[in-house]
Amino acid sequence: MAKFYLTTPLYYVNAAPHLGHAYSTIVADTIRRYKNLQGLDAFLLTGTDEHGQKVERSAKLAGMSPQEFADQVAELFRKEWQDLGLEFDSFIRTTDAKHEVAVKKIFEAVWKAGYIFKGSYTGQYCTACEQYANEAKPGEPCPECGGPTETITEENYFFKLSAFQDRLLNYYEEHPEFIRPETRRNEVIAFVRSGLRDLSISRTTLKWGIPLPSLPGSSSEASQEKHVFYVWFDALTGYLSGIGYGQDESGEEPFRRLWPADLQIVGKEIIRFHAVYWPAFLMAAGLPIPHTLFAHGWLLFEEDKMSKSRGNVVSPGPVREVLGIDALRYFLLREIPFGQDGNFSFDALVSRYNSDLANDFGNLASRVLTMIGRYFNSEIPYPSVMAQRSAQDRHILELAENVISRYTAALDNYEFSGGLEAVWELIAAVNKYLVDTEPWALAEKNTGEDRSKLATVLYTSAEALRIATQLLSPIMPESTARIWTQLGQTTELSSLPLKSIKESPLATQEKIGKIEPVFPRLEKEATVRKLVQLQQQVSGRGLPKKTAAGVGAETALAIAKIAIEDFLKVELRVGEVRVAERVKGASKLLRLEVDIGTETRQIVAGIAESYAPETLIGRKVVIVANLQPRKLRGIESNGMIVAASVGKEDRPVLVTFIEDVPNGAKLR
RNA sequence: GGCGGCGUAGCUCAGUUGGCAGAGCGAGGGUCUCAUAAUCCCUAGGUCCACGGUUCGAGUCCGUGCGCCGCUACCA
């Protein structure tokens with residue numbers, strides 16, 4: 001049996017699992033089920049990425065060791081998938097012993113192939129954040145905390161990424177299906193075309209990682225012990241270690257069977273690591289490249305990116321409790337074209353549930369089954385022979401055929417939304433068919449001819465319902481299984497191959513099961529209220545203890561009181577912008593010349609994303625006049641512009657005066 | 001700034017090789033009664049961002065402008 005190996009991202013344990021993580025995993029679980037129905041041996045790997053600076057810091061904040069911290073969060077993930085009924089075949093943790101073995105093995109392979117060399121990495125290091133401030137240039141402050149950065153040079157092991165530029169471009173060219181969707185593919189190609197620099201793959205600035213093995217032929221083995229792997233070299237290898245790469249003969253068997261992966265699902269923010277570094281690592285190690293890499297979009301909550309710092313993280317738990325996991329699966333796969341960003345809101349979720357699941361699908365099952373119960377003593381009736389059926393009857397079966405092929409074509413291409421639309425076309429058509437043929441009226445008349453028409457209508461409807469149910473089983477495994485039982489089917493729905501849809505029509509005279517609504521209609525307002533309420537209860541929980549206290553301490557620091565003398569040290573003055581222009585090569589910076597009465601100051605301000613240069617000329621601004629000069633992009637900045645910081649993205653909004661104020665006026 | 005994408009009915013979006021503007025949801029009206037107050041039918045007269053061009057004819061091709069978004073590497 002042919003295999004289908006797919007992976008979710010290995011989730012970083014710095015955050016508790018939320019709906020965004022669930023989205024990736026739900027998609028993967030759906031594909032796994034679908035591929036199994038297609039007769040493939042599907043294997044799904046998920047897991048957690050546990051090393052790196054952020055975990056080290058979060059653990060410290062929580063007052064525990066990184067390992068303890070990672071253990072707790074990894075367990076949260078595992079439990080979440082279990083609660084959501086998501087099935088996986090392997091769960092890899094990058095702190096597993098077998099993973100460490102695999103990382104060392106692939107590193108040695110890359111080393112032997114000659115793609116590792118020792119070099120030095122120079123960057124701006126922020127001691128407060130304990131990390132490199134990548135965007136900062138020498139002399140610039142840390143973009144995260146605003147603290148000073150220093151230029152430090154670190155001895156590192158480098159991966160010769162530059163050697164793979166052409167090979168990667170060729171690969172993208174020859175395998176258009178490798179990076180999806182198209183826009184991401186274009187971005188990646190543009191990025192690689194612009195030139196690749198070698199990548200440092202070891203770190204000495206942190207301890208929480210996998211130590212580099214001693215290298216044969218390397219003279220300085222002692223110093224190597226201080227090196228740990230760069231997290232991405234470590235994490236990506238999880239896709240190999242999770243299926244046995246690096247194990248002994250028998251342990252490595254799944255790897256040899258499953259690799260290369262057929263589908264790797266990732267979030268769009270990590271596409272580069274997967275589309276550039278990862279294939280390069282694999283090429284260097286002499287391993288095959290995965291077939292497809294699919295970058296999905298972000299789940300936005302009420303128009304905003306879901307993130308912990310924004311405090312708008314939605315947990316899957318409440319949705320599962322109130323609407324059931326299948327409603328969530330359906331919503332995510334139907335509402336959001338796979339690959340694009342999508343909006344999640346409780347309102348939209350409940351609306352979709354009511355209109356599509358309750359009104360269309362659930363109600364169709366209910367009315368068809370009820371009529372079979374009432375008019376045919378709960379037995380699937382015999383339809384007329386084909387020649388005697390009406391055009392309407394035949395139309396439903398033809399449409400069903402058509403929908404089956406459109407649905408499978410869509411799912412084969414990971415277009416869940418399109419596939420579901422097709423199924424709903426069938427569902428809508430059957431609802432209409434029932435109104436047009438009026439089986440209840442046929443039952444009233446009860447002549448022989450009407451009786452056989454009635455049987456045909458109900459059989460045809462039930463048959464279409466059966467087809468829709470079977471098609472939808474990978475999307476909504478639990479609810480479709482219930483409808484399956486109500487249709488009187490005793491075989492396990494999840495074990496029926498896709499091809500049986502066409503081959504096994506509903507058997508007549510089978511007794512249908514007990515009818516009960518699978519998607520009861522919900523009162524929208526009350527349901528949304530309930531979801532919001534439950535969500536608020538859950539929001540307090542999440543990451544391991546003490547994290548909340550740590551955040552509190554940071555806030556306290558920020559609002560510490562200062563004396564008036566401290567404030568008087570700051571010289572704030574009114575100025576008028578005379579000249580404003582973009583700084584070449586910097587997307588955020590503007591070079592301003594500001595008239596402060598006594599002189600004109602040159603100031604470089606990071607406001608280019610919010611203000612077009614020409615709109616600033618002649619505008620009154622407030623500047624900090626006694627700031628130490630600093631060079632930004634080689635341009636000296638004498639002071640800074642005062643602006644409110646708005647929203648989580650810290651969008652700057654300039655201070656303005658309602659009354660006219662002379663240039664140079666001092667603020668106090 | 002450079003590269004790429006997008007801008008179509010109140011909302012979410014389809015619109016293939018240029019040929020009379022579409023779907024779903026929401027809203028309004030109506031119908032049936034098998035069904036989960038569900039279904040089904042009717043109703044949107046929308047400057048297809050703006051301007052200019054190519055063409056017998058452009059949402060669909062070209063140019064310019066405006067607006068929004070993504071990418072522009074070693075935190076993950």
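Each chain gets a letter, A, B and so on, in the order the sequences are listed, and its residues count up from 1.
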inquiry  = At 4.0 Å (heavy atoms only), tell me whether A:L369 reaches a base, stays on the sugar-phosphate, or touches nothing.
reply    = nothing

request  = Both distances under 3.5 Å, Watson-Crick or G-U wobble: report the partner of B:G22, or none.
outcome  = B:C13

note = Residues passing the side-chain contact (heavy atoms from CB on, under 4.5 Å) test with A:A284, sequence neighbours excluded, are A:V110, A:Y115, A:F159, A:F164

query = Which is true for A:G195 with a 4.0 Å heavy-atom rule: it touches a base, it touches only sugar-phosphate, or it touches nothing?
reply = base

task = Tell me what A:S200 touches on the nucleic acid: a base, only sugar-phosphate, or nothing, going by heavy atoms under 4.0 Å.
result = base

request  = Describe the nucleic acid contact of A:D341 in one word from base, sugar-phosphate, nothing, applying a heavy-atom distance below 4.0 Å.
outcome  = nothing

query = Are A:D341 and A:K268 within salt-bridge range, i.e. N to O under 4.0 Å?
reply = yes

ask   = A:D347 has an atom CG; how far is it from atom C1' of B:C25, in whole Å?
value = 12 Å

note = Separation of B:C11 atom C1' from A:E335 atom CD, nearest Å, is 10 Å

query = Taking the nucleotide of RNA chain B with the closest heavy atom to each, which residue, A:I427 or A:R334, is nearer the 5' end?
reply = A:R334

note = In whole angstroms, the gap separating P of B:G24 from CG of A:L333 amounts to 21 Å

inquiry  = Distance criterion of 3.5 Å, no angle test: do you see the side chain of A:K432 paired donor-to-acceptor with the base of B:C40?
reply    = no

message = Need the pair for B:C32. Rule: Watson-Crick or G-U wobble, both distances under 3.5 Å, any strand; none if unpaired.
response = none

message = I want to confirm an ordering. Mapping A:Q340 and A:H51 to their closest nucleotides on RNA chain B, which one lands closer to the 5' end?
response = A:Q340

task = Find the partner of B:U39: check Watson-Crick (N1-N3 plus N6-O4 or O6-N4) and G-U wobble (N1-O2, O6-N3) distances, both under 3.5 Å, and reply none if neither fits.
result = none

request  = Mind checking A:W232 for me? I need base, sugar-phosphate or nothing, with any heavy atom below 4.0 Å counting as a touch.
outcome  = base

inquiry  = Tell me if a side-chain donor or acceptor on A:D326 pairs with a main-chain N or O of A:E478 at a distance below 3.5 Å.
reply    = yes

Show each protein N/O and nucleotides 4-10 of chain B N/O combination with a separation under 3.5 Å, one pair to a line.
none

key: Partners passing ring-ring contact (aromatic ring centres under 6.0 Å, His included) against A:Y277 (at least two apart in sequence or in another chain)   = A:F273

inquiry  = Going by purine N1 to pyrimidine N3 plus the second Watson-Crick contact, or the G-U wobble pair, all under 3.5 Å, which nucleotide sits opposite B:G63?
reply    = B:C51

remark   = Test ring pair (Phe, Tyr, Trp, His ring centres under 6.0 Å), reference A:F416, set A:Y23, A:F338, A:Y330, A:Y407, output is A:F338

message = Once side-chain contact (heavy atoms from CB on, under 4.5 Å) is applied, do any residues pair with A:S241, and if so which ones, sequence neighbours excluded?
response = A:I92, A:H99, A:A102

Protein and nucleotides 34-38 of chain B: nitrogen or oxygen contacts under 3.5 angstrom:
{"from": "B:C34", "atom 1": "O3'", "to": "A:R374", "atom 2": "NH1", "distance (Å)": "3.4"}
{"from": "B:C34", "atom 1": "O2", "to": "A:R367", "atom 2": "NE", "distance (Å)": "3.1"}
{"from": "B:C34", "atom 1": "N3", "to": "A:R367", "atom 2": "NE", "distance (Å)": "3.4"}
{"from": "B:C34", "atom 1": "N3", "to": "A:R367", "atom 2": "NH2", "distance (Å)": "2.5"}
{"from": "B:C34", "atom 1": "N4", "to": "A:R367", "atom 2": "NH2", "distance (Å)": "3.1"}
{"from": "B:A35", "atom 1": "OP1", "to": "A:R374", "atom 2": "NH2", "distance (Å)": "2.8"}
{"from": "B:A35", "atom 1": "O2'", "to": "A:N363", "atom 2": "OD1", "distance (Å)": "2.5"}
{"from": "B:A35", "atom 1": "O2'", "to": "A:S366", "atom 2": "OG", "distance (Å)": "3.3"}
{"from": "B:A35", "atom 1": "N3", "to": "A:N363", "atom 2": "ND2", "distance (Å)": "3.3"}
{"from": "B:A35", "atom 1": "N3", "to": "A:R367", "atom 2": "NE", "distance (Å)": "3.3"}
{"from": "B:U36", "atom 1": "O2", "to": "A:F519", "atom 2": "O", "distance (Å)": "3.2"}
{"from": "B:U36", "atom 1": "O2", "to": "A:R521", "atom 2": "N", "distance (Å)": "2.8"}
{"from": "B:U36", "atom 1": "N3", "to": "A:F519", "atom 2": "O", "distance (Å)": "2.8"}
{"from": "B:U36", "atom 1": "O4", "to": "A:G362", "atom 2": "O", "distance (Å)": "2.9"}
{"from": "B:U36", "atom 1": "O4", "to": "A:N363", "atom 2": "N", "distance (Å)": "3.4"}
{"from": "B:A38", "atom 1": "OP1", "to": "A:R521", "atom 2": "NE", "distance (Å)": "3.0"}
{"from": "B:A38", "atom 1": "OP1", "to": "A:R521", "atom 2": "NH2", "distance (Å)": "3.4"}
{"from": "B:A38", "atom 1": "O2'", "to": "A:N359", "atom 2": "O", "distance (Å)": "3.1"}
{"from": "B:A38", "atom 1": "O2'", "to": "A:N363", "atom 2": "ND2", "distance (Å)": "2.9"}

message = Mind checking if A:I201 touches a base, just sugar-phosphate, or nothing, with heavy atoms under 4.0 Å?
response = nothing

task = Using Watson-Crick or G-U wobble geometry with both distances below 3.5 Å, tell me the partner of B:C3, or none.
result = B:G70

message = Holding to ring-ring contact (aromatic ring centres under 6.0 Å, His included), I want the full list of residues that pass it with A:F178, two or more places apart in sequence or in another chain.
response = A:Y171

query = Which value, rounded to the nearest 0.5 Å, describes the distance between A:L323 atom CG and A:L349 atom CG?
reply = 5.0 Å

request  = Name the nucleic acid region contacted by A:Y12, choosing base, sugar-phosphate or nothing; use a 4.0 angstrom heavy-atom cut-off, strictly under.
outcome  = sugar-phosphate

request  = Please determine, for the side chain of A:L161, which listed nucleotide (B:C75, B:G70, B:A73) has the closest atom?
outcome  = B:A73

query = Between A:I270 (CD1) and B:C71 (C1'), how many Å, whole number?
reply = 16 Å

task = Please determine, by modelled atom types, if A:T48 and A:Y12 share a side-chain donor-acceptor pair under 3.5 angstrom.
result = no

inquiry  = Looking at A:K453 and A:D393, is any side-chain nitrogen of the basic one under 4.0 Å from a carboxylate oxygen of the acidic one?
reply    = no

query = If you look at every strand shown and take non-hydrogen atoms under 4.0 Å, does A:A441 touch a base, only sugar-phosphate, or nothing?
reply = nothing

